[in-house]
Amino acid sequence: MKVALLSFHNAVNYGAALQAYALERYLLEQSIDCEYIDYRNKHRQTAYSMSHHVLENLKKKNFKNALKYFLGFPFMGLRKARFNRFYKKNLKYTGKIYKSADEANELNRYYDKFIVGSDQVWNYKNNGGDFAFLLNFVDDDAKKISYSSSFGTLEIPLELKYQYVKYLSKINKIAVRETYGVNLVKQLTGRDAKLVLDPVFLLSKQQWESLVPQDKIKEPYVFFYTNRDNQISEFFKQTNFELKGRKLYKLTRSTSIGDLLNYNIKVKYTMSPYEFIRVIRDSELVVSASFHCISLAIILNKPFVAILTGDQGKDERISNILHLLDLDNRILTTKMGENEIYNHINFDKVNYKIQDFAMASKLYLMESINA
């Protein structure tokens with residue numbers, strides 16, 4: 001049995017890296033011979049290219065954004081190098097790079113099953129409108145499996161619905177990671193998709209911790225990983241939270257010169273996936289709008305606050321897992337203050353629920369491969 005995996009396997013993104021690693025590691029531990037298809041369409045190739053974004057913004061005469069991307073060159077370059085080392089050490093790839101569904105068609109000769117997922121692989125904005133991510137290049141529908149795939153949106157544009165209906169209908173075993181994904185598959189195809197956990201939950205707390213040094217970061221700090229300019233300042237304003245002698249570890253695109261010069265702030269934009277895990281593990285509190293950051297905080301049993309953005313399609317990723325684990329009260333609201341932030345989290349109960357859901361997810365995955 002040889003299995004091909006398809007995901008955003010080389011993105012310079014912490015969540016993408018960790019979910020890709022987790023899925024492959026779990027399958028290898030089950031003695032499944034698997035590797036990632038080194039698939040790189042034009043959209044995915046340019047997603048983290050600073051030069052591409054500079055040129056695109058110059059064409060639109062958006063000089064402010066062009067300057068931001070230009071100034072980000074050295075930081076993204078260092079971050080890419082660290083991600084590439086992580087991928088090279090931890091992921092198995094096909095020996096050839098594929099850039100289109102037509103090129104990938106030759107893979108039908110080499111693999112018994114094809115698994116697409118996780119991450120927002122079915123988000124047309126993220127995959128470049130490429131239906132290779134719905135396995136349209138696989139000739140035998142019985143070989144097609146999705147695991148924890150995400151749409152990242154609540155609806156599909158009218159002009160793309162025909163293709164989504166066509167290719168989703170042909171995937172033999174279909175599982176998604178959010179309730180709205182289950183609803184969307186039902187709406188489009190009439191099929192009942194399985195709700196499963198993201199691959200990061202397939203690995204234990206101990207397995208994640210084994211990737212990083214045992215010695216802990218000594219200075220006390222709070223870790224912020226956000227995706228919008230005002231989220232950190234709004235958190236402090238809304239909750240009246242005080243650092244009280246702790247450092248602020250900050251991972252966000254909205255980094256200023258002041259942040260770099262501030263002794264109490266450590267900018268973490270260029271850190272490796274390894275350091276990402278370690279920083280979460282050793283933090284006193286994690287505050288984030290990132291699904292995978294919140295997920296890892298839960299797995300590592302760290303106190304956290306989840307920030308929702310107002311984009312229902314993207315927020316569903318976080319709110320869904322928190323609802324499954326009875327952690328809805330960890331979502332930042334206007335009523336949350338320091339007392340609510342430091343409310344005890346019963347991680348024994350949370351861990352039990354994770355084990356229960358993970359067992360069902362693993363059962364689906366292995367049954368789908370062996371069917």
Side-chain angles (χ1 to χ4, degrees), residues 5 7-26 36 44 47-50 72 75-91 117-121 123 126-127 148 150 152 177 197-203 205 207-213 217 221-228 231-232 248-255 259 266-283 285-302 304-309 314-315 317-318 321-322:
L5 308 176
S7 186
F8 299 150
H9 67 284
N10 60 352
V12 191
N13 175 281
Y14 297 98
L18 298 184
Q19 62 84 20
Y21 166 79
L23 180 59
E24 186 175 79
R25 176 166 174 179
Y26 174 74
Y36 277 95
R44 295 306 305 169
Y48 297 94
S49 168
M50 294 294 101
F75 299 102
M76 180 55 77
L78 181 56
R79 182 162 155 175
K80 275 184 180 180
R82 289 170 172 169
F83 269 79
N84 287 338
R85 284 196 291 270
F86 175 85
Y87 286 130
K88 186 176 181 180
K89 182 177 181 179
N90 293 294
L91 296 190
S118 160
D119 224 343
Q120 295 184 59
V121 287
N123 186 333
N126 285 3
N127 66 24
S148 191
S150 177
R177 76 178 186 201
L197 292 180
D198 187 90
V200 296
F201 289 98
L202 299 178
L203 304 185
K205 177 176 183 282
Q207 284 175 303
W208 284 115
E209 289 179 333
S210 71
L211 287 174
V212 297
I217 300 170
Y221 62 89
V222 176
F223 178 45
F224 285 82
Y225 180 20
T226 62
N227 54 18
R228 295 191 181 179
Q231 285 174 332
I232 295 177
L248 191 161
Y249 281 24
K250 185 177 182 180
L251 173 56
T252 176
R253 285 185 226 174
S254 57
T255 300
D259 292 332
K266 283 197 174 181
V267 175
K268 291 292 181 178
Y269 185 77
T270 64
M271 66 181 174
S272 69
Y274 298 114
E275 190 180 358
F276 183 75
I277 299 167
R278 189 185 186 202
V279 165
I280 293 173
R281 183 198 67 183
D282 296 346
S283 65
L285 175 70
V286 174
V287 182
S288 184
S290 159
F291 167 81
H292 283 105
C293 182
I294 294 299
S295 296
L296 205 59
I298 293 170
I299 293 167
L300 298 176
N301 292 179
K302 303 303 298 186
F304 70 92
V305 174
I307 299 175
L308 301 184
T309 64
K314 293 183 178 180
D315 287 345
R317 295 175 297 159
I318 292 178
I321 189 64
L322 296 184

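Here the structure is a predicted model, which is why all the values come from computation and not from measurement.
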Student: Verify whether one side chain among Ser7 and Asp119 offers a donor that lies under 3.5 Å from an acceptor in the other.
Tutor: no
Student: Measuring from Gln120:CD to Asn127:CG, what's the distance to the nearest 0.5 Å?
Tutor: 10.0 Å
Student: Report the distance from atom SG of Cys293 to atom CG of Leu18, rounding to the nearest 0.5 Å.
Tutor: 9.5 Å
Student: Are Tyr274 and Asn90 close enough that a side-chain donor and a side-chain acceptor fall under 3.5 Å?
Tutor: yes
Student: Would you indicate whether the side-chain heavy atoms of Val279 and Val286 approach each other to under 4.5 Å?
Tutor: no
Student: Which atom pair, heavy atoms only, marks the closest approach of Arg25 to Ser210?
Tutor: NH1-OG, 3.9 Å
Student: Which heavy atom of Leu78 sits nearest to which heavy atom of Thr270, and what is that distance?
Tutor: CD2-OG1, 3.7 Å
Student: Less than 6.0 angstrom from the centroid, inside 45 degrees of the normal: does Arg177 satisfy that with respect to the ring of Phe291?
Tutor: yes
Student: Are Glu209 and Arg281 close enough for a salt bridge, meaning some N to O gap below 4.0 Å?
Tutor: no
Student: Indicate yes or no: at least one non-hydrogen side-chain atom of Arg44 is less than 4.5 angstrom from one of Phe8.
Tutor: yes
Student: Can you find a pair of side-chain heavy atoms, one from Pro199 and one from Tyr26, that are under 4.5 Å apart?
Tutor: no
Student: Is the shortest side-chain heavy-atom distance between Tyr249 and Ile217 below 4.5 Å?
Tutor: yes
Student: Just wondering, do Val287 and Ile307 contact through their side chains at under 4.5 Å, heavy atoms?
Tutor: yes
Student: Take Arg82 and Val12 through the side chain to side chain contact (heavy atoms under 4.5 Å, CB included) test and state the conclusion after the steps.
Tutor: CA-CA 9 Å; Arg82 289 170 172 169; Val12 191; over 6 Å; no
Student: Is it the case that the side chain of Ser148 and the backbone of Ser118 share a donor-acceptor pair, with hydrogens and angles ignored and the cut-off at 3.5 Å?
Tutor: no
Student: Give me the atom names and distance for the closest heavy-atom approach of Ala289 to Thr309.
Tutor: CB-CG2, 4.4 Å
Student: Heavy-atom count around Tyr269 OH within 6.0 Å, excluding the residue itself: above 12?
Tutor: yes
Student: If you round to the nearest 0.5 Å, how far is CG of Asp282 from NZ of Lys302?
Tutor: 6.5 Å
Student: How many angstroms lie between atom CD1 of Ile232 and atom OG1 of Thr252, to the nearest 0.5 angstrom?
Tutor: 5.5 Å
Student: What I'd like to find out is whether the side chain of Tyr221 reaches to under 4.5 Å of the side chain of Lys266, using heavy atoms alone.
Tutor: no
Student: Which heavy atom of Ser290 sits nearest a heavy atom of Ile318, and at what distance?
Tutor: C-CD1, 3.9 Å
Student: How long is the straight-line distance from CE of Met271 back to CZ of Phe83, given to the nearest 0.5 Å?
Tutor: 8.5 Å
Student: Indicate yes or no: at least one non-hydrogen side-chain atom of Ile280 is less than 4.5 angstrom from one of Phe304.
Tutor: no
Student: Starting at CG of Leu251, measure out to CZ of Phe223 and round the result to the nearest 0.5 Å.
Tutor: 5.0 Å
Student: With heavy-atom distances below 4.5 Å as the criterion, would you say the side chains of Tyr14 and Arg79 are in contact?
Tutor: yes
Student: Passes ring-ring contact (aromatic ring centres under 6.0 Å, His included), Phe276 versus Tyr225? Steps please.
Tutor: CA-CA 10 Å; Phe276 183 75; Tyr225 180 20; 5.6 Å; yes
Student: For Ser272 and Arg85, which I'm curious about, is there any donor-acceptor pair between the side chains at under 3.5 Å?
Tutor: no
Student: Backbone N or O of Asn10 within a donor-acceptor pair of the Tyr36 side chain at under 3.5 Å?
Tutor: no
Student: Restricting to non-hydrogen atoms, name the atom on Val200 and the atom on Ser295 that form the minimum distance, rounded to 0.1 Å.
Tutor: CG2-CB, 4.0 Å
Student: Taking Glu24 for the side chain and Tyr21 for the main chain, is one N or O donor matched with an acceptor at less than 3.5 Å?
Tutor: no
